[in-house]
Amino acid sequence: MDKKIAFIPGDGVGPEIIKQVVKVLEAVSKKYKIHFEYEELLIGGIAIDQTGEPLPKKTIEICKESDAVLLGAVGGWKWDNLPGDLRPEAGLLSIRKELGVFANLRPAILFPQLKSASFLREDILEGGIDVMIVRELIGGIYFGEKKRENIENGHKAWDTMVYSTYEIERIVRKAYEIARKRDNRLTLVDKANVLESSRLWREVTAKISQEYGGVRTSYMYVDNAAMQLIRNPKQFDVIVTGNMFGDILSDEASMLTGSLGMLPSASLGEDGPGIYEPIHGSAPDIAGQDKANPIGTIMSIAMMLRYSFDMADAAIDVEDAVSKVLDKGYRTLDIMQNGMTLVGTEKMGDVIADAIN
Ligand code: NAD
């Protein structure tokens, strides 16, 4: 069996963490007799430097022909003053849109070995944490009309949050399907007390909930959800929400698990290749220093094996390898604890790949 992976390291820590993934995929390749073919592509700041645009056409074309897309991260101080549509982040938003990946799955799972790296009290973590945030990815305020005008004494700027019924339906259905395979609980997070678009989310979700009788549906305002995630995260199983709320809540959820560097994500459409990437950014403050935690990216390939390649056993192998390595006490700086062995990005990649063999 052959699988073609579009390989996009991007900026900052992207290239360092993506390199670790190759080691792990090679170990999976040996064990499962599957051949992975990689094609390295440009996105973000490096693409701007080399081609003048954050998402070159070649990247789009090859991604569309691939079985899956593996992405590091984009962005950095060097490009921060470019106009919005020429910034590295524009490349990221465009590739998501080009591939039609409307559902962003962001699991926040606490490895028991990292309990003390979590920012929450031990009693709140009792019994573990396993929340799946399903974030709408290619609509809402990040894609709505945005404008700036000159006015007396300054500027006026606005962004618009727009959602239509079909965009809500497809993501809410996806979230219900996921809830069915988990603990059968779904919470819609919105701001329906203030926003008209949120009221549409509620109406659509209430209607679709009729089709999923076995799943318990609840509704929560985003401000309350931000608080409840810290106060009692176990009350959540699947959270479904819009683009901006999901962006913010999933970063918050990462702190339950100890570090932004631990968390993977999968972005899926109706068909076509999914995009797999860690949830963190390019971490320019630690780039090139062998300090980045590659586990979020490595856990992303577990999601790739499961959702795009239908290789659940291999996905479990990758997750188990991470768990074994944590059991042995290996820690990158962001999750370092007393008495553990501090390792860099490279070494962490090596020991996880070895654990698969
Ligand atoms: P960030 O996620 O890059 O970093 C936030 C903090 O977490 C930093 O202190 C960083 O050192 C740390 N961190 C992140 N990943 C880590 C890892 N793997 N191991 C250890 N520590 C890690 O967010 P930011 O600083 O707000 O943004 C930096 C740049 O990344 C910006 O240009 C931003 O636009 C971009 N960004 C890109 C993505 C993406 O590519 N998907 C997501 C978020 C931000």
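Keep in mind that this is a model prediction, so the values were computed, not measured. These values consider heavy atoms only, across backbone and side chains, with no hydrogens, waters or symmetry-generated copies. Note that ligands are numbered from 1 as they come in the structure, with each ligand's atoms numbered from 1 the same way.
The ligand atoms of ligand 1 that sit less than 4.0 angstrom from a heavy atom of Leu92 are 39 (C), 40 (O), 41 (N). Atom numbering of ligand 1 starts at 1 in the shown order; those under 4.0 Å from a heavy atom of Glu277 are 41 (N). Which parts of ligand 1 touch Gly261 is read off a 4.0 Å heavy-atom cut-off, strictly below it: atoms 17 (C), 18 (N). Those atoms of ligand 1 with a heavy atom of Ala292 less than 4.0 angstrom away are 19 (N). Ligand 1 places these atoms under 4.0 Å from at least one heavy atom of Ala73: 40 (O). Those atoms of ligand 1 with a heavy atom of Leu260 less than 4.0 angstrom away are 2 (O), 5 (C), 7 (O). Counting the atoms of ligand 1 from 1 in the order shown, those under 4.0 Å from a heavy atom of Gly281 are 1 (P), 2 (O), 3 (O), 30 (O), 36 (N), 37 (C), 38 (C), 42 (C), 43 (C), 44 (C). Listed by number with element, the atoms of ligand 1 under 4.0 angstrom from any heavy atom of Gly75 are 32 (O).
Formation of a donor-acceptor pair under 3.5 Å by the Ser300 side chain with backbone atoms of Tyr276 is not found in this model. Using a distance-only test at 3.5 Å, with no hydrogens or angles considered, no donor-acceptor pair links the side chain of Ser282 to the main chain of Val13. Between the side chain of Arg331 and the main chain of Leu342, no donor-acceptor pair closer than 3.5 Å is present. Side-chain atoms of Glu177 never come within 3.5 Å of backbone atoms of Arg173 as a donor-acceptor pair (strictly under, hydrogens ignored). Listed for the Lys191 side chain is no donor-acceptor partner under 3.5 Å among the backbone atoms of Phe245. Using modelled atom types, one side-chain atom of Glu136 and one backbone atom of Ile138 make a donor-acceptor pair closer than 3.5 Å. Proximity of a side-chain donor or acceptor of Asp290 to a complementary backbone N or O of Glu346 within less than 3.5 Å is detected. Using a distance-only test at 3.5 Å, with no hydrogens or angles considered, no donor-acceptor pair links the side chain of Ser323 to the main chain of Asp320. Arg185 contributes a side-chain N or O that, together with a main-chain N or O of Gln235, makes up a donor-acceptor pair within less than 3.5 Å.
At least one N or O atom of Ser282, backbone or side chain, sits closer than 3.5 Å to an N or O atom of ligand 1. Residue contacts with ligand 1: Arg87 is placed with no nitrogen or oxygen under 3.5 Å of a nitrogen or oxygen of the ligand (distance criterion only). Taking only nitrogen or oxygen atoms, main chain and side chain alike, Ala283 reaches within less than 3.5 Å of ligand 1.
Residue contacts with ligand 1, taken as heavy atom pairs separated by less than 4.0 Å, involve Pro284 solely via side-chain atoms from C-beta onward.
The shortest contact between atom 37 (C) of ligand 1 and any protein heavy atom is with Val74 O, 3.1 Å. In terms of protein heavy-atom proximity, atom 16 (C) of ligand 1 is closest to His280 CG, 4.0 Å. Remark: minimum distance from atom 34 (O) of ligand 1 to any protein heavy atom is reached at Glu89 OE2, 2.3 Å.
In this structure, atom 2 (O) of ligand 1 is in close contact with the protein, since a protein heavy atom lies within 4.0 Å of it. Taking a distance limit of 4.0 Å, we find that atom 32 (O) of ligand 1 is approached by some protein heavy atom. There is a protein heavy atom closer than 4.0 angstrom to atom 40 (O) of ligand 1.
Under a 4.0 angstrom heavy-atom cut-off, Ser259 registers as lying outside contact with ligand 1. At least one heavy atom of Ile286 sits less than 4.0 Å from an atom of ligand 1. At a 4.0 Å cut-off, at least one heavy atom of Gly76 sits close enough to ligand 1 to count as contact.
Using cut-offs of 30° and 60° on the angle between ring planes, the pair Tyr176 and Tyr212 is parallel.
Counting non-hydrogen atoms of other residues, nucleotides and ligands closer than 6.0 Å to CG of Asp310 gives a total of 12 or fewer. Annotation: Lys19, atom NZ; neighbour count of heavy atoms from other residues, nucleotides and ligands within 6.0 Å does not exceed 12.
Looking at Ile279, Ile275, Leu71 one by one, the single match for side chain to side chain contact (heavy atoms under 4.5 Å, CB included) with Ser265 turns out to be Ile279.
Across Asp11, Thr345, Asp285, heavy-atom proximity to atom 8 (C) of ligand 1 is greatest for Asp285. Distances from atom 19 (N) of ligand 1 to the heavy atoms of Asn293, Thr297, Leu93 show the closest one on Asn293.
Salt-bridge check for Asp159 with Lys146: passed, with a basic side-chain N closer than 4.0 Å to an acidic carboxylate O.
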